[in-house]
2 protein chains.
Amino acid sequence: MATGRTHRPATRSRGIPEATVARLPLYLRALTTLSERSVPTVSSEELAAAAGVNSAKLRKDFSYLGSYGTRGVGYDVEYLVYQISRELGLTQDWPVVIVGIGNLGAALAGYGGFASRGFRVAALIDADPAMTGKPVAGIPVQHSDDLEKIIAEDGVSIGVIATPAGVAQAVCDRLVAAGVTSILNFAPTVLSVPDGVDVRKVDLSIELQILAFHEQRKAGEELGEEAAPQAAAPAAPPAATRTTAEGGRKGPDGDVPAVMPA
Amino acid sequence: MATGRTHRPATRSRGIPEATVARLPLYLRALTTLSERSVPTVSSEELAAAAGVNSAKLRKDFSYLGSYGTRGVGYDVEYLVYQISRELGLTQDWPVVIVGIGNLGAALAGYGGFASRGFRVAALIDADPAMTGKPVAGIPVQHSDDLEKIIAEDGVSIGVIATPAGVAQAVCDRLVAAGVTSILNFAPTVLSVPDGVDVRKVDLSIELQILAFHEQRKAGEELGEEAAPQAAAPAAPPAATRTTAEGGRKGPDGDVPAVMPA
DNA sequence: CCCTGTGAAATTGTTCACAGCA
DNA sequence: TGCTGTGAACAATTTCACAGGG
């Protein structure tokens with residue numbers, strides 16, 4: 001992902017599959033809920049249901065962490081909460097800076113899920129001088145001139161970018177230069193970072209587009225596909241006439257359910 | 001994903017791999033940028049770099065859509081923008097409702113990426129009567145009592161949930177009952193929906209936890225793993241003594257780099 | 001006998017490498 | 001000659017199904 005950074009070259013460390021890592025927080029949340037309800041143990045079936053996955057997958061995932069269950073019984077909730085937390089590194093404190101305190105940055109600053117799981121908002125940073133000193137979610141906003149100093153002083157290694165797309169790469173570069181090695185990017189841009197820096201992206205518009213794709217499919221299945229099969233293709237194909245693409249393989253409707261609107 | 005809904009039972013439709021669908025918006029964004037700069041054509045190499053993927057993957061992805069490139073030349077930017085937009089269903093208008101107008105909901109309402117790509121914010125809905133009528137991002141907030149009416153009148157099929165976790169399932173149920181078939185969920189809960197309804201989740205805290213995992217790994221590689229290998233496990237393991245898990249397989253440090261702190 | 005842990009099979013996704021067209 | 005399109009090799013992930021401990 002990101003741009004640099006292949007996978008995890010040498011040092012495959014322990015080798016917990018990435019897909020499993022991505023689900024651990026899900027399990028942890030479900031377990032936390034059970035813990036609050038003082039449920040002592042869960043079966044893989046129950047926990048899987050609560051986390052929205054299937055039980056075989058859950059058991060396989062847990063098998064990468066070790067044998068933490070009891071056959072015939074299930075998993076001890078408290079113990080598992082601890083093990084997963086430790087595996088995820090949540091038993092330690094992670095100071096985080098949020099850069100770009102617009103609506104989104106403010107929402108993130110006030111998001112309970114941050115504080116609850118070992119993450120501490122060390123600083124809110126914004127380039128607008130008018131924001132400086134203004135408290136957001138109880139934390140005073142600092143000016144971006146001090147970014148490097150703040151990161152160094154607090155030993156911040158995780159940065160959240162909630163700025164406009166235009167400045168995201170510049171902010172990213174400064175964060176990385178100052179020592180940040182993990183970035184959560186909300187700006188709709190591809191960030192390029194040196195090897196060793198992790199970037200995760202959250203992109204609202206992409207998620208919606210994926211939904212639209214499936215939504216369109218649903219509509220096309222019920223009826224016989226309609227919704228403007230092709231109003232008017234903006235530019236014609238590359239060079240030559242449309243011949244190639246039209247007959248070449250798929251084209252606008254290669255093998256859709258095909259019913260022909262009218 | 002979600003809770004119900006297996007994969008896409010019968011009607012495999014055209015069969016564009018899910019992983020490819022998830023990348024199409026990425027390509028589209030890169031292409032749009034090129035289009036704005038009036039670049040006429042791109043090679044798979046260039047486009048891949050702009051989208052942050054490798055070129056073989058990009059070509060393979062495009063091959064599922066059809067043969068839209070020209071050998072020896074590359075892809076026509078405008079034409080490809082159109083083809084991908086159509087494939088994603090962005091050539092039609094998608095009215096969207098956002099439920100829960102807190103900081104996050106407001107950020108979403110004002111997010112440019114929504115309006116720009118065929119998505120139209122049809123309504124903002126909140127349960128707080130004090131919010132009703134108040135304009136957010138230029139759109140007046142409506143009360144959740146009218147949710148069903150709004151959805152029916154505007155023919156909304158995509159809903160965004162930005163409410164507190166506690167009410168997310170209830171909101172989801174109402175949306176689905178009213179006819180919404182795609183949901184983008186920002187609340188930290190697993191939503192359960194009937195078959196045929198798609199749910200995508202965006203979870204800030206999960207992303208951070210994944211970053212923390214990798215961050216921890218990095219720290220553990222440089223030094224010889226430290227950071228409190230296990231301060232004090234909260235509850236002991238299930239029943240019996242720790243024997244099983246400790247010697248059984250992995251336990252707290254099964255095969256970590258192992259250097260022993262002190 | 002219930003429920004975990006896990007090999008092995010099935011599926012999905014990625015990368016390679018090159019044939020072939022413009 | 002340059003770059004797409006794609007079979008085939010490879011890798012990751014999911015699912016099955018069942019051995020085996022409590």
With sequence neighbours excluded, residues passing side-chain contact (heavy atoms from CB on, under 4.5 Å) with Leu26(A): Val53(A), Lys201(B), Ile206(B)
For Phe114(B), the ring-ring contact (aromatic ring centres under 6.0 Å, His included) test, sequence neighbours excluded, returns Tyr111(B)
Shorter than 3.5 Å, N or O on both sides, protein versus nucleotides 14-16 of chain C: list them out with atom names.
| unit_1 | atom_1 | unit_2 | atom_2 | d |
| --- | --- | --- | --- | --- |
| dT14(C) | OP1 | Arg23(B) | NH1 | 3.1 |
| dT14(C) | OP2 | Arg23(B) | NH1 | 3.2 |
| dT14(C) | OP2 | Arg23(B) | NH2 | 2.8 |
| dT15(C) | OP2 | Asn54(B) | ND2 | 3.4 |

Take atom CZ of Arg71(A) and atom P of dC3(C), then tell me their distance rounded to the nearest Å. 14 Å
By salt bridge (Lys or Arg N to Asp or Glu O under 4.0 Å), which residues pair with Arg59(A), not counting sequence neighbours? none
Tell me what Glu18(B) touches on the nucleic acid: a base, only sugar-phosphate, or nothing, going by heavy atoms under 4.0 Å. sugar-phosphate
Round to a whole Å and report the spacing from CG of Leu58(A) to P of dG5(C). 10 Å
Under 4.0 angstrom between Tyr75(B) side-chain N/O and dA22(C) OP1 or OP2: no
Between dT4(D) atom C1' and Leu80(B) atom CG, what is the distance in whole Å? 12 Å
Value in whole Å for how far the C1' atom of dT4(D) lies from CG of Asp76(B): 15 Å
Residues which pass side-chain contact (heavy atoms from CB on, under 4.5 Å) with Asp173(A), listed by chain and number, not counting sequence neighbours: Gln169(A)
Determine, step by step, whether Glu78(A) and Tyr82(A) satisfy the side chain to side chain donor-acceptor pair (under 3.5 Å) criterion, reporting the C-alpha distance in whole Å, the side-chain angles of both residues, the deciding distance to 0.1 Å, and the verdict. CA-CA 6 Å; Glu78(A) 295 302 326; Tyr82(A) 173 72; over 6 Å; no
Do any side-chain nitrogens or oxygens of Ser44(A) fall under 4.0 Å of OP1 or OP2 in dT4(C)? yes
Partners passing ring-ring contact (aromatic ring centres under 6.0 Å, His included) against Phe62(A) (at least two apart in sequence or in another chain): Tyr27(A), Tyr75(A)
